Colleague: 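Mind looking over this structure? Questions follow.
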Amino acid sequence: MIKVEWFYWLCGIFFVLIALQVLNDRSNPKRVGSAAFWGILGLSFGYGTFVVNKQAPSWLLGIAVIGLAVLAGSGFPGKGEERTTTPAERVHFADRFGNKLFLPALVIPVVAAIFGAWLAKVKLGDGKLLLQTGSATIIGLGVASILALIVGMVLLRPKSPAVPVHEGRRLLEHIGWAAILPQMLATLGLLFNTSGVGKAVGRVTDHLVPKGSLIAAVALYCIGMAVFTIIMGNAFAAFPVMTAAVGWPLLHEQFHGTPAIIFAVGMLAGFCGTLCTPMAANFNLVPAALLEMKDQYGPIKAQIPTAIPLLGCNILIMYFFAF
């Protein structure tokens with residue numbers, strides 16, 4: 001059986017390598033704190049396995065998360081000297097390979113889809129599934145990323161096998177702490193739900209939704225997903241709160257809607273909020289920084305006219321197809 005933990009370990013090794021690179025980069029004025037940030041993150045991936053298996057205390061991971069937050073709030077990680085291709089080399093690659101440059105990127109969704117739709121059902125000789133139960137998509141994404149790396153190396157033939165690590169470090173230093181913001185916000189959503197925020201929101205919604213009004217309940221769920229996503233920056237963080245408050249008790253249990261459609265479209269409604277918020281830094285602020293845009297909120301301003309009609313479409317799709 002292929003286990004998802006193997007790919008978490010691989011991610012951890014990558015971050016540790018980044019930490020070692022940063023620590024040895026004397027051009028980075030924040031190299032010690034930056035190395036600590038990536039190192040703590042990398043080691044957490046491996047340590048998490050022992051926590052899940054009840055072989056190590058979980059409170060150490062909590063301290064690690066607090067440490068990451070403190071380092072991020074103190075201005076880490078910082079940027080060092082970039083080791084990347086020159087503008088002339090990029091033009092040369094573009095002229096030489098043309099649309100073939102998109103091949104590594106296209107490998108990822110194709111392979112991930114194959115794992116999620118087909119290999120997830122494949123069984124070994126002893127009757128066990130080939131892929132760990134419930135993790136087929138993540139495993140597929142991990143395998144797809146490795147294959148995409150191999151395709152890119154064969155296609156571009158870089159001078160050194162360390163080039164992907166250098167480029168990965170360059171992108172991470174551009175993104176900074178925002179690289180782990182989605183995971184942090186998703187965890188925050190679970191904490192909110194565990195602490196009873198979803199139930200509290202549910203009590204409020206009881207006074208907002210007219211009794212027996214399906215369209216009002218659907219609109220409240222979708223709009224609530226978008227609004228909570230705007231506040232929290234991540235639809236995965238908003239999902240447990242709004243689902244506990246409206247999605248499950250009202251749309252599924254009271255109106256007997258199809259859960260798969262309700263929750264899938266609900267996530268899409270949340271993504272409409274992602275398009276409208278600077279809290280989704282990795283989606284909206286990071287691209288503006290990488291492209292050196294004059295207006296850091298330019299992507300958000302361009303996306304809002306699309307996000308609002310899409311939210312309306314999601315409300316209609318859920319209303320007509322989920323019940």
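Predicted model, so just to flag it, every value in this text is computed and none were measured. Heavy atoms only: backbone and side chains are in, while hydrogens, waters and symmetry mates are out.
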Colleague: Does atom CH2 of Trp118 have more than 12 heavy-atom neighbours, drawn from other residues, nucleotides or ligands, at distances under 6.0 Å?
Modeller: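 Not buried by this count: 12 neighbours or fewer within 6.0 Å.
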Colleague: Are Val4 and Leu129 connected, step by step, through hydrophobic side chains (Ile, Leu, Val, Met, Phe, Trp, Tyr) whose heavy atoms are closer than 4.5 Å?
Modeller: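 Different clusters.
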Colleague: Considering the options Leu43, Leu172, Ile40, which one meets the side-chain contact (heavy atoms from CB on, under 4.5 Å) requirement together with Phe15?
Modeller: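 Exactly one option meets the side-chain contact (heavy atoms from CB on, under 4.5 Å) with Phe15, and it is Leu172.
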Colleague: Which is it for Ile315 and Ile223 under the side chain to side chain contact (heavy atoms under 4.5 Å, CB included) test, yes or no, and what are the steps along the way?
Modeller: CA-CA 8 Å; Ile315 293 173; Ile223 294 173; 4.1 Å; yes
Colleague: Residues two or more places apart in sequence or in another chain: which of them pass salt bridge (charged side-chain N to carboxylate O under 4.0 Å, His left out) with Asp295?
Modeller: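 Partners of Asp295 under the salt bridge (charged side-chain N to carboxylate O under 4.0 Å, His left out) test: Lys301.
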Colleague: Looking at Gly270, is its backbone amide N or carbonyl O close enough to the side chain of Asn314 to form a donor-acceptor pair, meaning the two atoms are under 3.5 Å apart?
Modeller: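 Not at all, since once roles are kept as given, no pair shorter than 3.5 Å links the two residues.
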Colleague: Could you check whether any side-chain N or O of Asp25 sits under 3.5 Å from a backbone N or O of Gln21, counting only pairs where one atom can act as donor and the other as acceptor?
Modeller: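 Not confirmed, Asp25 side chain does not pair with Gln21 backbone.
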Colleague: Can you find a pair of side-chain heavy atoms, one from Val143 and one from Phe7, that are under 4.5 Å apart?
Modeller: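 Yes, their side chains come closer than 4.5 Å.
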Colleague: So does Tyr297 have more than 12 non-hydrogen atoms from other groups sitting under 6.0 Å from OH?
Modeller: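 No - once you tally the heavy atoms of other residues, nucleotides and ligands closer than 6.0 Å, there are 12 at most.
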Colleague: Can you tell me how far apart OH (Tyr47) and CG (Leu61) are? Round to the nearest 0.5 Å.
Modeller: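 It is 6.0 Å, given to the nearest 0.5 Å.
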Colleague: Looking only at heavy atoms, what is the nearest atom pair of Thr229 and Ala238, with distance?
Modeller: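 Distance-wise, the nearest heavy atoms are OG1-CB, 3.6 Å.
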Colleague: Spell out, yes or no, whether Val70 and Leu68 are grouped together once hydrophobic residues are joined by side-chain heavy atoms under 4.5 Å, including indirect joins.
Modeller: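 Val70 does not cluster with Leu68.
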Colleague: Between OG of Ser44 and CG of Leu60, what distance do you get to the nearest 0.5 Å?
Modeller: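 The CG atom of Leu60 is 9.5 Å from OG of Ser44, to the nearest 0.5 Å.
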Colleague: Hey, is the main chain of Ile230 close enough, under 3.5 Å, to the side chain of Thr277 for a donor-acceptor pair?
Modeller: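 Yes; at least one donor-acceptor contact below 3.5 Å.
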Colleague: Given the rule that I, L, V, M, F, W and Y join up when any side-chain heavy atoms are under 4.5 Å apart, are Ile138 and Met267 in one cluster?
Modeller: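 Linked within one cluster.
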Colleague: Can you tell which of Leu268, Ile215, Val218, Thr258 makes a side-chain contact (heavy atoms from CB on, under 4.5 Å) with Met318?
Modeller: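 Among Leu268, Ile215, Val218, Thr258, the one meeting side-chain contact (heavy atoms from CB on, under 4.5 Å) with Met318 is Val218.
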Colleague: Checking Phe323 against Leu251 for the side chain to side chain contact (heavy atoms under 4.5 Å, CB included) test, could you report, in this order, the C-alpha distance in whole Å, the side-chain angles of both residues, the deciding distance, and whether it holds?
Modeller: CA-CA 9 Å; Phe323 303 92; Leu251 298 182; 3.9 Å; yes
Colleague: How long is the straight-line distance from CG of Leu17 back to CZ of Arg169, given to the nearest 0.5 Å?
Modeller: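 CG of Leu17 is found 12.0 Å from CZ of Arg169.
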Colleague: Is any side-chain heavy atom of Pro278 closer than 4.5 Å to one of Gln296?
Modeller: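 Side chain of Gln296 against side chain of Pro278, heavy atoms only: no contact under 4.5 Å found.
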Colleague: I want to check something: taking the side chain as every heavy atom from C-beta on, are Val22 and Phe37 in contact at a cut-off of under 4.5 Å?
Modeller: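 No. Closest side-chain heavy atoms not under 4.5 Å.
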Colleague: Return yes if some donor-acceptor pair links the side-chain N/O of Lys100 with the main-chain N/O of Leu155 below 3.5 Å, else return no.
Modeller: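 Judged by distance alone, no pair lies under 3.5 Å.
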Colleague: Heavy-atom count around Phe97 CZ within 6.0 Å, excluding the residue itself: above 12?
Modeller: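 Counting other residues, nucleotides and ligands, CZ of Phe97 exceeds 12 neighbours.
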Colleague: If I take atom OG1 from residue Thr49 and atom NZ from residue Lys3, how far apart are they, to the nearest 0.5 angstrom?
Modeller: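 Answer for the OG1-NZ pair, Thr49 versus Lys3, is 10.0 Å.
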Colleague: Please name the pair of heavy atoms, one in Met153 and one in Pro161, separated by the smallest distance, quoted to 0.1 Å.
Modeller: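 Distance-wise, the nearest heavy atoms are CE-CA, 3.8 Å.
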Colleague: Any non-hydrogen side-chain atom of Phe115 less than 4.5 Å from a side-chain atom of Ile139?
Modeller: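 SC-SC contact between Phe115 and Ile139 confirmed.
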Colleague: Parallel, tilted or perpendicular for Phe239 and Phe263, by the 30°/60° rule?
Modeller: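 It falls in the perpendicular class, over 60°.
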Colleague: Atom SG of Cys272 and atom CD1 of Ile304: how far apart are they, to the nearest 0.5 Å?
Modeller: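 Between atom SG of Cys272 and atom CD1 of Ile304 there are 12.0 Å.
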Colleague: Minimum heavy-atom separation for Gln303 to Asn284, with atom names?
Modeller: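 Scanning both residues, the minimum pair turns out to be NE2-OD1, 3.1 Å.
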Colleague: Please name the pair of heavy atoms, one in Cys222 and one in Leu311, separated by the smallest distance, quoted to 0.1 Å.
Modeller: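 Answer, listing the atom of Cys222 first, then Leu311: O-CD1, 3.7 Å.
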Colleague: What's the shortest heavy-atom distance between Ala144 and Ala112, and which atoms?
Modeller: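 That would be CB-N, 4.1 Å.
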Colleague: For the residue pair Ile231 and Met279, what are the closest heavy atoms and their distance?
Modeller: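 Looking at all heavy atoms of both residues, the shortest contact is O-CG, 3.6 Å.
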Colleague: Report the distance from atom CZ of Phe45 to atom CG of Leu41, rounding to the nearest 0.5 Å.
Modeller: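 Phe45 CZ to Leu41 CG: 5.0 Å, rounded to 0.5 Å.
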Colleague: Are Leu149 and Leu10 co-members of a hydrophobic cluster defined by side-chain heavy atoms under 4.5 Å apart?
Modeller: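 In one cluster: no.
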Colleague: Quick one, Ile261 with Ile317, criterion side chain to side chain contact (heavy atoms under 4.5 Å, CB included). Give me CA distance, side-chain angles, the key distance, then yes/no.
Modeller: CA-CA 9 Å; Ile261 300 177; Ile317 290 171; 5.5 Å; no
Colleague: With a 4.5 Å cut-off on side-chain heavy atoms, are Phe283 and Leu275 touching?
Modeller: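 Leu275 vs Phe283: side chains apart.
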Colleague: Given the rule that I, L, V, M, F, W and Y join up when any side-chain heavy atoms are under 4.5 Å apart, are Val111 and Trp6 in one cluster?
Modeller: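 In one cluster with Val111: Trp6, yes.
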Colleague: Below 4.5 Å, heavy atoms only, C-beta onward: do Val246 and Met225 meet side chain to side chain?
Modeller: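 No, too far: nothing below the 4.5 Å cut-off.
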Colleague: Are more than 12 heavy atoms from other residues, nucleotides or ligands located less than 6.0 Å from atom CG of Asn99?
Modeller: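 No - once you tally the heavy atoms of other residues, nucleotides and ligands closer than 6.0 Å, there are 12 at most.
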